[in-house]
Amino acid sequence: MKIIGTGSAVPKKVVTNDMLSEFLDTNDEWITTRTGIHNRHLLTEENLLDLAIEASKNAIASSGVAPKDIDLIICSNVANNYITPSMSTMVEGEIGCECPCIDMNVACAGFIYALDYAEAYFIARGARNILVLCAEEPTRFLNWKQRENSVLFGDGAGAVVLTRGNDMLGSRLRAVSNKEVIIYRKRMEPTPYEVEGVNIDAPLYMNGREVFRMAVKSSQQDLQYVLEHAGVDPLNVEYYLLHQANQRIIDAIQEGMRLPKKKFPSIIGEYGNTSSASIPILLDMMHRNGELHSGDLLAMSAFGAGFVSAAALIRWSK
Ligand code: ACO
């Protein structure tokens, strides 16, 4: 595969750390030093589908491909208020595509998983062009009376259009079953046979310290694996595009790999953790700012609930 278009969309509403401290026992200093987050964008009058459509349209416009020439839409989404139909099918009708659509839930690692699946679909099915979309509203999973998680997340969507090419130089997908570290449960419609206590609502719970530890370890291992297998010196990678979970996680990975900080771009300060949308939003912003040059090697790494992790090494050749 080869990336030929990028797009993103974020909600208009900007929520600062000071705004959170108006109703939570928290403050700008705690949030900034622990996470690097200053602002996050939250859905208010828009809904997630609006962002998903806008990001997809931007990516398609940037690619120059006609919507009818897209042969597959893959949408990474953890949850939204439509259980069915899927986000990808709802987007398809709004952007003029006529193709198979599939949603995947791989938490924050969804973008890299989707790129890998797209690569396999190009090989196995001879697809011409594929739209990979990540649309996430993690701020709707939270108990906003609890400070631990409410300060970390933001909403957003990012998308890429892929065509046939040889820019995927390596990837690694992993999953280790663990529902202790990050979990979010939603109550289903009750049946007459329901047993009390089984069908429950439980907003996002996260063991922050454990996630931090697992994220740093898995990311370093995954990146090392793809670089070694591709025979690429880590210093020859132009940028490491990491899941924007927390600036301290990004810094710990960078320091552990003994690489220059300038190779690890970050948008977490403005957008918070937008789950699987964070890497495609970052990629789109760098593309639009002229920061990517043909021939650049880009390494990506993400991790999240599952516990899942993934990394990919790609060549940017647009
Ligand atoms: N404001 C002020 N104080 C707070 C806040 C807050 N928002 N949240 C927690 N605290 C308090 C705690 O209650 C605790 O107080 P105590 O010592 O009196 O008990 C104290 O601050 C320290 O809490 P820690 O958990 O030790 O803080 P830590 O330095 O570990 O930072 C954090 C917490 C930011 C959550 C960190 O563990 C982290 O970044 N973890 C990774 C989270 C992450 O990236 N998740 C995304 C994964 S991807 C996915 O799929 C969701």
Side-chain angles (χ1 to χ4, degrees), residues 15-40 76-79 104-114 134-156 173-185 202-220 222 241-255 264 266-269 271-279 281-282 300-311:
V15 176
T16 65
N17 293 343
D18 286 340
M19 286 161 75
L20 296 181
S21 61
E22 286 167 15
F23 60 92
L24 285 173
D25 179 16
T26 189
N27 56 73
D28 179 54
E29 204 259 333
W30 192 97
I31 301 170
T32 308
T33 53
R34 295 292 208 300
T35 71
I37 299 168
H38 303 285
N39 299 321
R40 70 283 295 145
S76 160
N77 170 256
V78 175
M104 56 161 65
N105 172 359
V106 199
C108 302
F111 181 61
I112 300 173
Y113 261 72
C134 301
E136 302 282 14
E137 48 185 341
T139 68
R140 313 290 291 276
F141 307 170
L142 309 172
N143 175 352
W144 280 86
K145 294 195 174 92
Q146 287 173 351
R147 61 184 180 176
E148 293 80 19
N149 296 327
S150 313
V151 302
L152 299 174
F153 294 95
D155 304 319
L173 311 183
R174 286 201 289 168
V176 180
S177 185
N178 180 340
K179 60 180 170 29
E180 310 304 319
V181 292
I182 308 174
I183 187 165
Y184 166 47
R185 290 183 64 181
L204 187 91
Y205 163 80
M206 180 166 62
N207 179 338
R209 286 194 172 182
E210 190 56 14
V211 171
F212 196 111
R213 198 188 61 74
M214 291 168 79
V216 173
K217 190 169 159 213
S218 62
S219 179
Q220 287 175 343
D222 292 344
L241 307 183
L242 301 192
H243 169 41
Q244 305 285 296
N246 179 329
Q247 189 59 46
R248 287 199 317 177
I249 293 180
I250 297 172
D251 292 346
I253 295 165
Q254 171 247 322
E255 283 159 19
F264 290 73
S266 171
I267 53 169
I268 186 135
Y271 301 105
N273 178 346
T274 56
S275 188
S276 73
S278 80
I279 295 178
I281 293 174
L282 172 63
M300 300 173 184
S301 163
F303 35 81
F307 191 86
V308 294
S309 71

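Counting convention: from 1, in listed order, for ligands and their atoms alike.
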Check your understanding: Do L142 and P203 have side-chain heavy atoms sitting under 4.5 Å apart?
Key -> no
Exercise for review: Answer with yes or no whether the side chains of D222 and S218 bring together a donor and an acceptor at under 3.5 Å.
Suggested key: no
Review point. Between T35 and I31, which heavy-atom pair has the shortest distance, and what is it?
Key: OG1-O, 2.6 Å
**Study point:** Check: S309 main-chain N/O paired with R174 side-chain donor or acceptor under 3.5 Å
**Key:** no
Check your understanding: What residues form a side chain to side chain contact (heavy atoms under 4.5 Å, CB included) with C134, not counting sequence neighbours?
Key -> S76, F111, S276, A277, P280
List, pair by pair, the atoms of ligand 1 and of the protein that are both N or O and lie under 3.5 Å apart, giving the separation rounded to 0.1 Å.
from: ligand 1; atom 1: 1 (N); to: T26; atom 2: OG1; distance (Å): 2.6
from: ligand 1; atom 1: 3 (N); to: W30; atom 2: NE1; distance (Å): 3.3
from: ligand 1; atom 1: 3 (N); to: R147; atom 2: NH1; distance (Å): 3.4
from: ligand 1; atom 1: 7 (N); to: T26; atom 2: OG1; distance (Å): 3.2
from: ligand 1; atom 1: 7 (N); to: R147; atom 2: O; distance (Å): 3.2
from: ligand 1; atom 1: 13 (O); to: R147; atom 2: NH2; distance (Å): 3.0
from: ligand 1; atom 1: 21 (O); to: W30; atom 2: NE1; distance (Å): 3.2
from: ligand 1; atom 1: 26 (O); to: R209; atom 2: NE; distance (Å): 2.9
from: ligand 1; atom 1: 26 (O); to: R209; atom 2: NH2; distance (Å): 2.5
from: ligand 1; atom 1: 29 (O); to: R34; atom 2: NE; distance (Å): 2.9
from: ligand 1; atom 1: 29 (O); to: R248; atom 2: NH2; distance (Å): 3.1
from: ligand 1; atom 1: 37 (O); to: G208; atom 2: O; distance (Å): 3.2
from: ligand 1; atom 1: 39 (O); to: N246; atom 2: ND2; distance (Å): 2.3
from: ligand 1; atom 1: 40 (N); to: G208; atom 2: O; distance (Å): 2.9
from: ligand 1; atom 1: 50 (O); to: A305; atom 2: N; distance (Å): 3.2

Review point. Parallel, tilted or perpendicular for F303 and H243, by the 30°/60° rule?
Key: perpendicular
